[in-house]
2 protein chains.
Amino acid sequence: MARRTDSTAPADRSARRRADRIDERRRALADAALLTLSELGYARTSLREIAQNSAFSHGVLHYYFRDKVDLITYCVRQYKTHCVERYDGIVATAASPEDLLDGVAEGLAATLEQDALLHRLWYDLRTQSLFEESFRADVAAIDGSLERMIWRTVEAYARLVGAAPACPPSFAYATVDGLFHQALQRHLAGAADALDVLRAGVRRQLATLVA
Amino acid sequence: MARRTDSTAPADRSARRRADRIDERRRALADAALLTLSELGYARTSLREIAQNSAFSHGVLHYYFRDKVDLITYCVRQYKTHCVERYDGIVATAASPEDLLDGVAEGLAATLEQDALLHRLWYDLRTQSLFEESFRADVAAIDGSLERMIWRTVEAYARLVGAAPACPPSFAYATVDGLFHQALQRHLAGAADALDVLRAGVRRQLATLVA
DNA sequence: GGGAAATCTTGACGACTGTCCAAAGCCGTC
DNA sequence: GACGGCTTTGGACAGTCGTCAAGATTTCCC
């Protein structure tokens, strides 16, 4: 019985290391999957293609993921963390309304440019979730967190101009998302002014959202 | 040489009738395809499934359409005419700004409710066109005509309140489309207030678009 | 009414998909 | 250094896909 209560018994430590290794593999495979997905879109991405963009063979995907839906769900979740990490922190450090508008407009334009393919994938998956039950819940969760992010911006702006938000959060999100989506579409189509139009549009729309 | 110049020679008439019949078949098949597409989405719709929702067998599709892309392109074009026909005429008969806002809000809410699946398909195809070159041109054409439709509304509203539009057409379209897309998403998810939220949102947004 | 052309059906083809599995490779532990 | 479990491979499987073509059927014209 001696030291059976020791929580760092060799067996436990090895089990933990194993679990960590598995998590790491899953993350790596999900990264490869996101790469392929953002390039080809959901409809045209096969498991073999994903595996070819990774260091492994196609069979290993079913060792780490139950099936294709499990993998894609995991990818969506991973994308979400990537997403909110990027977005957060834009709002925090603004001292004046103008600063905030600048920061938000610039932040959105920057991520649109840098992560254009990931955003394209996001809109793809969001649309697919309208047809496929599988990852609807995860998509809805991301949508909600994006809406809350926009809403934090509106609240911060309202505070800085000494007014109150004058619209529901869903209205703010819908209109700004519409602007972002259109800008992405034009940016991908090669329109040189897409980013500037987005900046101007976001500034204008945010300004009308407070009383 | 006698009547070789007669434009209604039997051969011509028969050729014309044949062409008409072909057009009719193509329209019927495209209708069946639109039915299936709007139910399953682009990614999950196969030619066999389309044929099963029609009165014909799957082989006939390649008699009237070169390939799948040709069929879907034809569907997209057909959807466009269906779309603008529906939309047009909302704006024309408004006497006061309030009338116009009512009419537009109600018109958008009505088509969202009645043609929910078709609109879902539209967003699906628009997203697919970000990945697939094939029907990008047709999608862009529809997008443009929708933008012009919204813009006509803005202009009419501005005229009625005696002001000028105070934003670019693309801004008006992006924000209203964002509202419409969100409302569709919530409506399909079963939210009972989706239509009312859309009505309120559209009214609010349109009102801010003129000086 | 018969023959030719248009139309439609049916089955086949090769390519591709997600999934599964037996075997091989790998690695830590005794 | 050999054993045993964890990883990984690559092929097999059943299914579906778009496409095609040969044959059956219908339609039309003389």
Side-chain angles (χ1 to χ4, degrees), chain A residues 8-30 32-33 36-37 39-75 128 131-135, chain B residues 8-30 32-33 36-37 39-75 128 131-135:
Chain A
T8 62
D12 286 2
R13 284 184 47 207
S14 117
R16 189 144 355 108
R17 270 194 321 189
R18 177 167 123 76
D20 288 353
R21 251 200 337 265
I22 288 185
D23 273 4
E24 197 180 348
R25 269 279 182 282
R26 285 166 70 101
R27 264 193 295 274
L29 288 172
T36 309
L37 280 167
E39 203 161 324
L40 301 179
Y42 173 77
R44 280 159 293 285
T45 297
S46 70
L47 294 183
R48 285 172 171 81
E49 195 98 30
I50 291 175
Q52 245 165 4
N53 277 15
S54 78
F56 303 95
S57 71
H58 69 271
V60 84
L61 288 172
H62 283 86
Y63 186 77
Y64 289 102
F65 299 96
R66 189 165 13 93
D67 54 14
K68 192 186 184 184
V69 170
D70 188 28
L71 165 61
I72 303 234
T73 302
Y74 193 93
C75 286
Q128 292 313 308
F131 294 94
E132 200 147 345
E133 166 67 26
S134 322
F135 32 89
Chain B
T8 61
D12 286 2
R13 284 185 46 210
S14 116
R16 188 143 0 106
R17 269 196 321 189
R18 176 168 125 75
D20 288 352
R21 248 198 342 263
I22 288 185
D23 274 4
E24 197 180 349
R25 270 279 181 281
R26 287 166 68 100
R27 264 193 294 274
L29 288 172
T36 309
L37 279 167
E39 203 161 324
L40 301 179
Y42 173 77
R44 280 159 293 286
T45 297
S46 69
L47 294 183
R48 285 173 171 81
E49 195 99 27
I50 291 174
Q52 245 165 4
N53 279 14
S54 80
F56 303 95
S57 69
H58 69 271
V60 86
L61 288 171
H62 282 87
Y63 187 77
Y64 289 103
F65 299 97
R66 190 165 13 93
D67 54 14
K68 192 185 184 184
V69 170
D70 189 27
L71 166 59
I72 302 235
T73 303
Y74 192 92
C75 286
Q128 292 312 310
F131 294 94
E132 202 146 343
E133 166 66 28
S134 322
F135 31 90

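Below, chain A is the first sequence line, B the second, and so on; all start at residue 1.
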**Student:** Which residues pass the side chain to side chain donor-acceptor pair (under 3.5 Å) test with B:T73, not counting sequence neighbours?
**Tutor:** none

**Student:** What's the CG-P distance between B:L61 and C:dT10, to the nearest Å?
**Tutor:** 14 Å

**Student:** Whole angstrom is fine here: how far is it from CD in B:E24 over to C1' in C:dT7?
**Tutor:** 14 Å

**Student:** List the atom pairs, donor and acceptor, that lie under 3.5 Å between side-chain atoms in residues 53-62 of chain B and the rest of the protein, sequence neighbours left out.
**Tutor:**
unit_1: B:N53; atom_1: ND2; unit_2: B:T36; atom_2: OG1; d: 3.1
unit_1: B:S54; atom_1: OG; unit_2: B:A51; atom_2: O; d: 2.8
unit_1: B:S54; atom_1: OG; unit_2: B:F56; atom_2: N; d: 3.1

**Student:** Test of understanding: with salt bridge (Lys or Arg N to Asp or Glu O under 4.0 Å), list the residues that count as partners of B:E133, not counting sequence neighbours.
**Tutor:** B:R136

**Student:** I'd like a list of close polar pairs between nucleotides 23-26 of chain D and the protein, N/O only, cut-off under 3.5 Å.
**Tutor:**
none

**Student:** Between C:dT10 atom C1' and B:Y63 atom OH, what is the distance in whole Å?
**Tutor:** 17 Å

**Student:** So, taking the atom named CG in B:L71 and the one named CG in B:L47, what distance separates them when rounded to the nearest 0.5 Å?
**Tutor:**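 Taking CG in B:L71 and CG in B:L47, the distance rounds to 6.5 Å.
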
**Student:** Walk along nucleotides 12-20 of chain C from 5' to 3' and tag each nucleotide B, S or - by protein heavy-atom contact under 4.0 Å, base first, then sugar-phosphate.
**Tutor:** B----SBB-

**Student:** B:Y64 has a side chain; which of C:dA6, C:dC8, D:dT7 sits nearest to it?
**Tutor:**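 Ranking C:dA6, C:dC8, D:dT7 by closest atom to the B:Y64 side chain puts C:dC8 first.
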
**Student:** Mind checking the OG-CG spacing from A:S134 to A:D67? Nearest 0.5 Å is all I need.
**Tutor:** 8.5 Å

**Student:** Cation-pi check for B:F135 against B:K68: NZ or CZ below 6.0 Å from the six-membered ring centre and within 45 degrees of the axis, yes or no?
**Tutor:** no

**Student:** Test of understanding: with salt bridge (Lys or Arg N to Asp or Glu O under 4.0 Å), list the residues that count as partners of B:R44, not counting sequence neighbours.
**Tutor:**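 Scan of B:R44 (salt bridge (Lys or Arg N to Asp or Glu O under 4.0 Å), adjacent residues dropped) gives A:E132.
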
**Student:** To the nearest 0.5 Å, how far apart are OH in A:Y64 and CZ in A:R27?
**Tutor:** 12.5 Å

**Student:** Check the phosphate of C:dA6 against B:R21, side-chain N and O only, distance under 4.0 Å to OP1 or OP2. Yes or no?
**Tutor:** no

**Student:** What's B:F56 touching, base or sugar-phosphate or nothing? Going by heavy atoms closer than 4.0 Å.
**Tutor:**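 The answer is sugar-phosphate, as B:F56 gets under 4.0 Å only of primed atoms, P, OP1 or OP2.
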
